[in-house]
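Note sheet for the following structure.
To find a chain, count down the sequence lines: A is the first, B the second, and so on, and within it residues start at 1.
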There are 2 protein chains.
Amino acid sequence: MSTETDAAGETPQSEKKKEMRAIVLTGFGGLKAVRVLNKPEPTAGPGDVIIRVMACGLNFQDLMARQGALDAPPRIPFIMGFECAGVVEAVARDDGKLKVGDRVVAFTDYKAWAELVPVREDCVFRIPDKMTFHDAAAIAMNFCVAYILLFELGNLSPHKSILLHSAGGGVGHAVVQLSRTVEDVKIIGIASQGKHDALQGLKIDNLIERGTDYTVEVRKICPDGVDIVLDCLCGEDSGRGYSLLKPMGKYILYGTGNVVTGETKSIFSAARSWWHVDKYSPLKLFDENKSLCGFNLRHLMYRQDNAQYVAEIFSKIVKLWEEGVVKPVIDSTWAYEDVTEAMQKMHDRKNIGKILMDPNEAPKLKPSTPVKGKKSDSEEKKDSEMQDDSEVKEKSAAT
Amino acid sequence: MSTETDAAGETPQSEKKKEMRAIVLTGFGGLKAVRVLNKPEPTAGPGDVIIRVMACGLNFQDLMARQGALDAPPRIPFIMGFECAGVVEAVARDDGKLKVGDRVVAFTDYKAWAELVPVREDCVFRIPDKMTFHDAAAIAMNFCVAYILLFELGNLSPHKSILLHSAGGGVGHAVVQLSRTVEDVKIIGIASQGKHDALQGLKIDNLIERGTDYTVEVRKICPDGVDIVLDCLCGEDSGRGYSLLKPMGKYILYGTGNVVTGETKSIFSAARSWWHVDKYSPLKLFDENKSLCGFNLRHLMYRQDNAQYVAEIFSKIVKLWEEGVVKPVIDSTWAYEDVTEAMQKMHDRKNIGKILMDPNEAPKLKPSTPVKGKKSDSEEKKDSEMQDDSEVKEKSAAT
């Protein structure tokens, strides 16, 4: 993929602004709608700062955004991405807490995958001088989420057990590292078989293969159930996870990866699993001594105006990083122009740790047109899946 | 009420066991079915110890048990009561952790309101020499529950806010005392108007009158809502409490007082409010960053076999008592023969702190037959309410 000029640029030629590269979603659905385009450079609105991006992170949330599966998405086309690290390039007012030149990470409400990003100042946090931008982008969101799940919601204490869906992902690594700060915590991780070897060094006590009936496997390991279930999947799995809780156990839903990555990959079936979640009566929780918790970082910061809470958690993470407790695990770093390959890797659950993108990274050299008839079977399959996704989406949007 | 002989004694005259006094429920419903009877002394089954009771506690749960509103009640007649303090009188085996003569508190599955009580050994905890039996009975259950609500489920930390239903009750006092160990915690308490003066010394930041629209009052005090809602009421209130939660807030249901103490006091309407509790989808919690937690101490210990967990909490409470942080608040102490008066006081929400009973306390002197036509209006009203309750219950049990 090479950078293209935005045919539908909003500014007239006469007062043409400076332009920057950005990863733009031009339509909901498959990978083909994800393109690197030139867009006008942003200016800082009231309360905003502008960040020059040095690294940004890819999350499941981005795959959901691409498919139009997130709530209240912006109108297409829009710049994608929810987190970045970089340098403050401009500020709206000089008396704010941030100055031009500050090294920062930011949790954004879209727009992070560009060369320049406007962000509300309270969602931007300074990073230590010794922390690289790549490390900052790999640490910030994953470890803040993991910290909140374990210590603010899960009340993790010695001798407890955790069932961790998506043990191989970015949050999964963070959960394992932070759990190890507490004495004698047992972690049962679920991960694709292909990741098991790579996860051997991670100190996960038991690894279960994704796609198996994990309830049976967990019962073999912990006959009485587990204390905490960390579920980024939802859909049909929430009842199974809940049933595995010990008394005083906590089921924590923090993401909805299933929407993108269920067995069947079309939006249509995903939407079905989304809505078929069991409802729970507080009286059932009372009888069974169980808790249900939900966590959604973006809603917390942008809908519920609680950035200060996250700032306090991030300062704890920085301290743990300085003590050597928290270590970034980076799977791979990609040029913006290679974003679709990065997305495909996450979609196929092949990443071990965080997938980053760097606007200054040189794109891979690729043949501009594939030689007809030479595609491998798996490549053709992927292409047709992506196509199917967008067709279904367009149909469902039209109805 | 005077002690009566149990007409339906189970043991034949020839091998008659020694007898003891016990508070027996002879039928579900009103106060008239609660009687002090002579019953055979218990013997220690495998895993049990026998405790000679010096004090025992009255809880909302007992009022529910009386009305048949608790799940899976024993067959009537049965000995009531869920907690007591006393001295170990007998043990089933000599190598257990408890010895004859140990001073203890016990959380029982019924049977606590007697002179002698058989209890599973793991539900019996030793108390310090300097702790009186009355203090032990006033502290143990209330403070264990309050500790679990605040620190195991609520994750209470500095600067948080709590909405506390039933601020004037035993658990309410314990919640206030334990909250004061954390910096800058705001407590909004709901209590009957009649208790407000008596609660002035308790360091509750804001008191709201029971029966008012507390959601409006809470919003005036905390426009953004509160961090923790401690609800022992349930029924129609759970939705209102949930709506008052801040993002990252926790709604904790730990009791079902509403079943007994709602506006309408008949069992029938109580059952209705019990079942009309809203259900919640985990996705709603995810969107709103909220948690729902349930806590039921008796289920935890007797159905879910988790007495060890409670033992650990109790040892923390003992430490806090030794440090002077935890102080028992005793409303009143009653003879077994005056149990119905004690129950009526709790029913009318007139107690400030814990209501205790002591088998060695002398009963109040009362006229054995009320002079006809001399009853006050309120006494007549109470009698007819009690009667109504049992009639409705019998009807509903028959259908």
Side-chain angles (χ1 to χ4, degrees), chain A residues 71-72 148 151-157 159 224-225 227 231-232 234-235 237-239 241-242 246-256 274-301 303-306 309-310 312-313, chain B residues 71-72 148 151-157 159 224-225 231-232 234-235 237-239 241-242 246-256 259 274-301 303-306 309-310 312-313:
Chain A
D71 51 331
I148 290 168
F151 300 112
E152 299 280 308
L153 298 174
N155 196 30
L156 184 65
S157 57
H159 319 301
D224 299 332
D227 294 295
D231 187 356
C232 62
C234 197
D237 292 319
S238 78
Y242 179 88
K246 269 188 191 171
M248 301 305 292
K250 290 165 181 175
Y251 177 90
I252 307 176
L253 178 65
Y254 68 99
T256 49
W274 174 282
W275 293 112
H276 275 205
V277 178
D278 290 336
K279 288 185 172 181
Y280 295 86
S281 160
L283 288 172
K284 183 179 168 72
L285 304 176
F286 168 72
D287 277 339
E288 299 179 357
N289 281 305
K290 293 183 178 179
S291 296
L292 286 178
C293 314
F295 180 63
N296 183 324
L297 183 69
R298 191 168 55 94
H299 283 194
L300 187 67
M301 299 182 84
R303 284 197 189 177
Q304 297 158 0
D305 213 19
N306 243 325
Y309 172 84
V310 182
E312 285 161 23
I313 302 294
Chain B
D71 51 330
I148 290 168
F151 300 114
E152 298 281 307
L153 298 174
N155 196 30
L156 183 65
S157 58
H159 319 302
D224 299 333
D231 188 356
C232 62
C234 198
D237 292 319
S238 79
Y242 179 88
K246 271 186 190 173
M248 301 306 290
K250 290 165 183 176
Y251 179 90
I252 306 176
L253 178 65
Y254 69 99
T256 49
V259 176
W274 174 282
W275 292 113
H276 276 204
V277 178
D278 290 336
K279 289 185 171 182
Y280 295 85
S281 160
L283 288 172
K284 182 179 170 69
L285 304 176
F286 169 72
D287 276 340
E288 298 178 358
N289 282 305
K290 293 183 178 179
S291 296
L292 286 178
C293 314
F295 179 61
N296 184 324
L297 182 69
R298 190 168 55 95
H299 284 194
L300 186 66
M301 298 182 85
R303 284 198 189 177
Q304 295 157 2
D305 213 20
N306 243 324
Y309 172 83
V310 182
E312 285 162 21
I313 302 293

At a 4.5 Å cut-off on heavy atoms, which part of A/Ile252 comes close to chain B: side chain, backbone, both, or neither?
neither
Can you measure from CG (B/Leu283) to NZ (A/Lys279) and round to the nearest 0.5 angstrom?
10.0 Å
Would you confirm whether A/Asn289, through its side chain, and B/Asn296, through its main-chain N or O, come within 3.5 Å as a donor-acceptor pair?
yes
How far apart are the closest heavy atoms of B/Lys250 and A/Glu152, and which atoms are they?
NZ-O, 2.6 Å
Please rank B/Arg303, B/His299, B/Lys284 by heavy-atom pairs under 4.5 Å with chain A and give me the top one.
B/His299
Please flag which part of A/Lys246 lies under 4.5 Å from any non-hydrogen atom of chain B: side chain, backbone, both or neither.
neither
Are the side chain of B/Asn155 and the backbone of A/Phe151 linked by a donor-acceptor contact shorter than 3.5 Å?
yes
Show the nearest heavy-atom pair for residues B/Pro282 and A/Leu253, with the distance to one decimal.
O-CD2, 3.6 Å
Closest heavy-atom contact between A/Ser291 and B/Gly294?
OG-N, 4.5 Å
Between the CZ atom in B/Phe286 and the SG atom in A/Cys293, the distance rounded to the nearest 0.5 Å is 13.5 Å
Using the test ring pair (Phe, Tyr, Trp, His ring centres under 6.0 Å), find all partners of B/Tyr309 that sit at least two apart in sequence or belong to another chain.
none
Most contacts with chain B, counted as non-hydrogen pairs under 4.5 angstrom, among A/Leu153, A/Ile148, A/Asp224, A/Leu297:
A/Leu153
